[in-house]
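Working notes, structure below.
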Protein chains: 2
Amino acid sequence: MSRIRSSKTVAEPPGASLLPVPGLDYGVLDELLGYALRRAQAALYVDFHRATEGLDVSPPRFAALVLVGRNPGMRQGLLAQAMGLHRSGALRLTDWLTTRGWVERQDDADDARSWGLFLTAAGKRKLAEIERRVRAHDERLMRGLGDRAASLKADLERLAATAAANNNDDGDKR
Amino acid sequence: MSRIRSSKTVAEPPGASLLPVPGLDYGVLDELLGYALRRAQAALYVDFHRATEGLDVSPPRFAALVLVGRNPGMRQGLLAQAMGLHRSGALRLTDWLTTRGWVERQDDADDARSWGLFLTAAGKRKLAEIERRVRAHDERLMRGLGDRAASLKADLERLAATAAANNNDDGDKR
DNA sequence: TATTGTTATACTCTATAACTATA
DNA sequence: TATAGTTATAGAGTATAACAATA
């Protein structure tokens, strides 16, 4: 089998932050944990893009490279599961990375329906460079938070687990 | 002047979470504050969608309703600024809300280029219902975090400010 | 000349549905 | 019959560029 698909550069991120505009009334938004998270996410997204400028990568593409790099031979379906995507999304992502020459599909000896995913030599080099810059970007953020960085990260992980658990329950909304 | 545009329902959110898949090696992703934020955001997004099921709303649409509701007569450009959008994005968002009958444009007496944005009576009712559910959803998350919720929210706000400041600086990446 | 909003277009990210090949 | 991947299509969310009207 073979795959060919078009290649384009990364789209520009939202240009501006969601930081409060002085004089505007944000009502309930200022009270919500969810909106605080959204503001932080928006700011980090712009910052990530800046830190990886010229490398033609985006957060999901970076995550996919790391996952394939650390788990060579993983199937597309597992990549989808790890990234919370539909399998058609993992397909497109893999297509894009393949077209760039960073990832390659190899036939899986155990199951003729599946691919094994692997980084190419170019993909390994690219990932090393991206990872270096992303680490620097993240460490800069951590430094800005000082000793709160570690507890923030732990609380975010707990929040993610809590919200995901709600999603599986029927919830007690009423 | 008048605006007409098509109306569609809210798209489905990503179906699954980004919670760690047992046995997979996430490499640097597990160390990054940015990826922890991404995981939390993904989980909250699904949870938000569940909490507002049937109301035909999304996080940006909700934020726009709140902002217009609290700042009646605000211009589209200001909405764009508050939400970190290009003005063409604020146009589309406003179009959508107008088509739903929740927001209306009125001529601005001070500047013939501008609109003033206002909630309609239906928009006010709709917002009240959405806000009730979003508050309940957010409070459920906060309860899950116990006494750490307040500090988490404060740290997220500080993170957003820090990252946004980096984006304006030249940064010290090298 | 700068600003507000619009139109046209395009790209990322993600989904659903119907399909093929294999298990 | 179920699973892995594919194809085709669609929609949200966002951008850029060129434009008109007004300031």
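Throughout, a chain's letter reflects where its sequence line sits, starting with A, and its residues are numbered from 1.
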Contacts of B:R75 that satisfy salt bridge (Lys or Arg N to Asp or Glu O under 4.0 Å) - sequence neighbours left out: none
Compare the minimum distances between each of C:dT22, C:dA15, C:dT4 and the side chain of B:R113, then state the nucleotide with the smallest one. C:dT4
Just the rounded figure in Å: distance from P of C:dA15 to CE of A:M83. 11 Å
First of B:L78 and B:R38 reached from the 5' end of DNA chain C, by closest nucleotide: B:L78
Just how far, in rounded Å, is P of C:dA15 from CG of A:L93? 12 Å
Whole-Å distance between C:dC13 C1' and A:R61 CZ? 9 Å
Measure CH2/A:W115 against P/C:dA23 and give the value in whole Å, please. 13 Å
Separation of C:dA21 atom P from A:R75 atom CZ, nearest Å, is 20 Å
Between A:P59 and A:D111, the residue closer to the 5' end of DNA chain C by nearest nucleotide is A:P59
Round to a whole Å and report the spacing from CD of A:Q81 to P of C:dA15. 14 Å
So, does B:R133 use its side chain to make a donor-acceptor pair with the main chain of B:E53 at under 3.5 Å? yes
Candidate nucleotides C:dT22, D:dC19, D:dT9, ranked by approach to the side chain of B:R87 - the nearest: D:dC19
Indicate whether OP1 or OP2 belonging to D:dT3 is found under 4.0 Å from a side-chain N or O atom of A:S114. no
Between C1' on D:dT22 and CG on B:D108, what's the gap in Å once rounded to a whole number? 12 Å
Side-chain heavy atoms of A:R148 within contact of B:R158, under 4.5 Å: yes
Which of D:dT16, C:dT9, C:dA23 is nearest the side chain of B:R92? It is C:dT9
Would you mind classifying the nucleic acid contact of B:G89 as base, sugar-phosphate or nothing, using non-hydrogen atoms under 4.0 angstrom? nothing
Separation of atom OH in B:Y45 from atom P in D:dG13, rounded to whole Å: 6 Å
Using a 4.5 Å cut-off on heavy atoms from C-beta on, say whether the side chain of B:Q81 contacts that of B:L78. yes
Picking from A:H137, A:E131, A:E139, what satisfies side-chain hydrogen bond (donor to acceptor under 3.5 Å, both in side chains) with A:R135? A:E131
Just compare D:dA4, C:dT7, C:dT16 and give me whichever is closest to any side-chain atom of A:S88. C:dT16
